[in-house]
Structure formats: structure tokens, C-alpha cells
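Below is one structure, written out as C-alpha cells, with a few remarks after it.
Each chain gets a letter, A, B and so on, in the order its sequence line appears, and its residues count up from 1. No hydrogens, no waters, no symmetry mates; every other heavy atom, side chains included, goes into these values.
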Protein chains: 2
Amino acid sequence: MITLTEENYIKSIYHLGKQGVNNVSTNAIAKDIKTKASSVTDMVKKLSEKGYADYKKYQGATLTEKGKRVAVSIIRKHRLWEVFLVEKLNFSWDEIHEVAEQLEHIKSEKLIKQLDAFLEYPTHDPHGDPIPDETGKIKSIDKILLSQAQIGDACICVGVQDSSSEFLKYLDKNNIALGTELIVVHKEPFDNSVTILVSAKEFIISNMIANNLFVKVG
Amino acid sequence: MITLTEENYIKSIYHLGKQGVNNVSTNAIAKDIKTKASSVTDMVKKLSEKGYADYKKYQGATLTEKGKRVAVSIIRKHRLWEVFLVEKLNFSWDEIHEVAEQLEHIKSEKLIKQLDAFLEYPTHDPHGDPIPDETGKIKSIDKILLSQAQIGDACICVGVQDSSSEFLKYLDKNNIALGTELIVVHKEPFDNSVTILVSAKEFIISNMIANNLFVKVG
DNA sequence: AATAATTTTTAGATTTATCTAAAAATTATT
DNA sequence: AATAATTTTTAGATAAATCTAAAAATTATT
């Protein structure tokens, strides 16, 4: 049996691993899940013994195939529950993370299978992130950060990098949602801010915002 | 913060307390949650320190008002989730208990408020048990065990005492569901079996079954 | 390449919930 | 009422996950 704590470590290793580094350092995991490096060392040894991770002293950890399957399954559950919360229970996209963090650990194959059907097999969660299918396949669309778009590009918002409540509330306040169409009018070299045209109105967003909003060009 | 384990002990004390006894013995709790009496002693002390229960050595435990509020809130969550599983995810009534046991511990006021609304404020769960309202009020209907009904009584099935998968499957197999109408045709004094008339067909059920099926007479 | 700084691991302690086995208290039986 | 049987509690151990502080290894800097 896999414990809730083990699941959270596996999730962390998976997410940190996606961000480029293959061997995730104990310190990175510690920072991510707000614990001490010494605790991580212990847990990573245990995950290795149980076959979820590969780990050699001083060389960080990577997930095995078995570990990856667990991670993807948790992500699938998390994202399906997020869709449920928004579509069925009228949560806004900045309120769902905490609750989904709890729901993702519920153990029942049938529950997830039926939830998926009930939601009519959604492909993306409310933040634009892809939902892995039953076999663990993730189909990602070709999205770029708004900061990378060129002047003149017509874009559609398809996702967020940062899904913190503060950022999402900022987007809400400024009427930017998934599916919103925009055109890049100007990119200011001085501060890397981006001027965009949204519903016939010009609007300047900081580089920080542009760096956290995914768009599809064309 | 209340832990999952504490919640399960509180639930157990509540249920055992409902069954007549006011001061629930440590042994009874131990049997109910499949642990040892010595573990129960420890936990009951802790619940007492935290204000969820009253406990004096050798005299068993009772829930305080605070403890009862917790218990009722868990029961509310459990039963709402059961309705969700049956009504929305096509679970059958013998499959829902385990999953609801997990879901009942999810912490989010909004989640339950919205779930309740989404399900259109159900008053009873799929086993016929009443769902406490937001304030903790439980309105119970006047039901009796089928074994207590008199010959000639026209009854409607309104609930089950035992909600084990085996019993529920037996009912399914014999086309007895909540809402099913039946008439008591005969009560056999020898073995206390009951002959009932269901959809124009006579059917004999054992005393054990009659002792676990709640009906409303008239 | 030697030293300094940082990261990672080890060793030992702590907390929560559990257990076993023995002691104490309560309840039942003669 | 004394003894037997049962229940309940205590004492001490164990397992999981964490922590602090010190030691070891790695990486960076001069």
C-alpha cells in the first residue's frame, strides 16, 4: 500500500523532474513540499526500496516507470476533480487547488472512471493543463508563453503557468480567461511589458504576467 | 486541527451511543474500529483533552456537544457523497460505503454546501438514512423494522439497518429497493420468517432479513 | 590544488497512533 | 463476601514521518 505522504513525494519528484532536471535533488524536494532535506533523504530511500524511484546517495532521485504511473494517476485525479469543482459545483478557478489536493488521494478506480464519464471525458482542466487519459497518455498542445509571442501575433489564452489564487484573481479582474482572444500590439524592451488588444481595448501587462500566461498563436 | 483518526473515533462513539448506551465502553469502540482497547483508552483521553468527549476512567466515553457537531458533520458529508455516487456516478447502493468513508474526511465547507445544492438538497441517502442539514438537524421518519409489522400491514421500504454489500445484493436480487411496496401476508411463529406480497407475488423472507429492513406502515 | 561554501546524509530525538503484556479495577459467580 | 472472570488501564515497544545538529561529501572560489 502506498501512503498519502509517499504520493506527495512522488508528485513532487514528477513535477520537479518535468521542469528540466532529471535527477531531482533532495533540497529541491524539501523546498517544494516544505520539509527538511533530512526527511527527504529518508523518504527517497524508502521510495527507492519500494520501487517508485531510483536513488543514489548525493545524486538525487528520479522516478521509475512504476513511480511515473503513480504520479500521472494522481495528476489525472487532481485535474478531473478540478473540472468537477468548476463545472458542477460552481467553484472559480482560483479556489479549486486545495480541495483537489485532498480529493486526488481518494482511492477508487471506479470513482475516477465514472467521474471522467460524468464530466464527458474532459481533455484539459480549468487552468488549461492536459488531463492524462486512463492509460496515462498526456496529449499536450503547442502553447508558448505570452512573453515569447511576437508583435502582431493573434493568440488565444490556453493555460497558466502559475496557478496561484493571486494570479488567477488578477486575470479574472482583467477579463482574461481560457479562450480569450488577444493580439500582441507592442513589446516594450525597457521592462519587457506587453501591450495587448483584448476585445477592442488596449491593455498593458507586465513581463511577470506575460511570463505566466500560455497562449496558442494563429 | 482534527486528525482523520480522531474523526473516526468520534464517529464510532456517536454511532455506538445512538444504539442505546450513553457511556460507550473502550472495548465496544475497539471492536467497532478494529483496534485494541489500550489504543482506545489513549485516544479517548486525547479526545477528552481536546474537548470532543467526556471520559472518566473505567466509565466509558460520551461525546460533548462539540464532539457531536463533528460527528454529525461527518455523517452529513458521508451521506451526501453517497447520494452523489449513486445519482451521478451510477454506483449501486452496495458499492458506495468504502468510497464515502474516504470522501467524508475531505475538508471544505464550500465543497459540501455546493455538493448539497448540486444534488438538490437530498433528505435521505441511498440506504434511506436521513441527511443532517447544514445546522446539524436530523429529521427522522417513523419507520419500523419489517419484523415488527403486523399481518395485513401495507408497507413501503424506507431503509436498511445493515448496509453490508451482501445484504444489499440480496435485496437487489429479490427486487426489493427503497420505495418498494409490500404487504405482510403471514408471520411464521416457528422461525419468525415473514411472508410478504411484492408486485402480486408471494415471497418468504427470513427473520434475519426482516430484522434489517425498515418500512413505513400505511 | 587547497580552502571555503553549500548540499546531503547520518545519528539520535520527537510525535502520533498503534501494539503486547502485565497490573488494576470492575463485574459476575459461587 | 470471597473468588473468578472480564474489562480497562498502564507501562513499555514499535512503526511512520518528522525534526535538529553534526558529520560527510560535493561544488565553488580563490
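Across all strands shown, D:dA16 is found opposite C:dT15 as a Watson-Crick or G-U wobble partner, with both distances under 3.5 Å. Of all nucleotides present, only D:dT9 satisfies the Watson-Crick or G-U wobble test against C:dA22, with each distance under 3.5 Å. For D:dA4, the paired base is C:dT27 (Watson-Crick or G-U wobble, both distances below 3.5 Å).
Under the 4.0 Å criterion applied to side-chain N and carboxylate O atoms, A:Lys169 and A:Glu95 are not assigned as salt-bridge partners. No salt bridge links A:Lys77 with A:Glu82; every basic N to acidic carboxylate O contact stays at or beyond 4.0 Å. Checked for salt-bridge contact, B:Glu7 and B:Lys107 meet the test: a charged N lies under 4.0 Å from a carboxylate O.
Residue B:Ile33 contributes atom CD1, which lies 9 Å from atom P of C:dC19 at whole-angstrom precision. Here C:dC19 presents its C1' atom at 17 Å from NZ of B:Lys34, a figure rounded to the nearest Å. The nearest whole Å value for the distance from the CD atom in B:Gln59 to the P atom in D:dT8 is 11 Å. Rounded to whole Å, the distance from OH on A:Tyr58 to P on C:dT8 is 10 Å. Straight-line distance from the NZ atom of A:Lys57 to the C1' atom of D:dT26: 14 Å, rounded to whole Å. Protein atom CG of A:Asn27 is 9 Å distant from nucleotide atom P of C:dT9, rounded to whole Å. As rounded to whole Å, 17 Å separates atom C1' of C:dT26 from atom NZ of B:Lys56. Between the CD1 atom of B:Ile29 and the C1' atom of D:dT8 there is a distance of 12 Å, rounded to whole Å.
Both the sub-6.0 Å distance and the 45° axial angle are satisfied by B:Lys88 relative to the ring of B:Phe118.
Mapping A:Thr3 and A:Lys36 onto DNA chain D by nearest heavy atom places A:Thr3 at the nucleotide closer to the 5' end. Two residues, B:Gly60 and A:Ser39, neighbour DNA chain D, and the one matched to the more 5' nucleotide by heavy-atom proximity is B:Gly60.
Ranking C:dT10, D:dT9, C:dT8 by closeness to the B:Ala37 side chain, first place goes to D:dT9. In this structure, the nucleotide among C:dT9, D:dT9, C:dT8 sitting nearest to the side chain of A:Tyr55 is C:dT9.
For the OP1/OP2 pair of D:dT8 and a distance below 4.0 Å, the side-chain nitrogens and oxygens of B:Thr26 include at least one atom meeting the criterion. Residue A:Lys45 has no polar side-chain atom (N or O) positioned under 4.0 Å from OP1 or OP2 of C:dT9. OP1 or OP2 of C:dT10 has not a single side-chain nitrogen or oxygen of A:Thr41 nearer than 4.0 Å.
In the interface, the side chain of B:Ser38 is paired with the base of C:dT20 through a donor and an acceptor atom under 3.5 Å apart.
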Derivation of the ring-ring contact (aromatic ring centres under 6.0 Å, His included) call for B:His127 and B:His97: CA-CA 10 Å; B:His127 306 122; B:His97 190 73; 7.3 Å; no
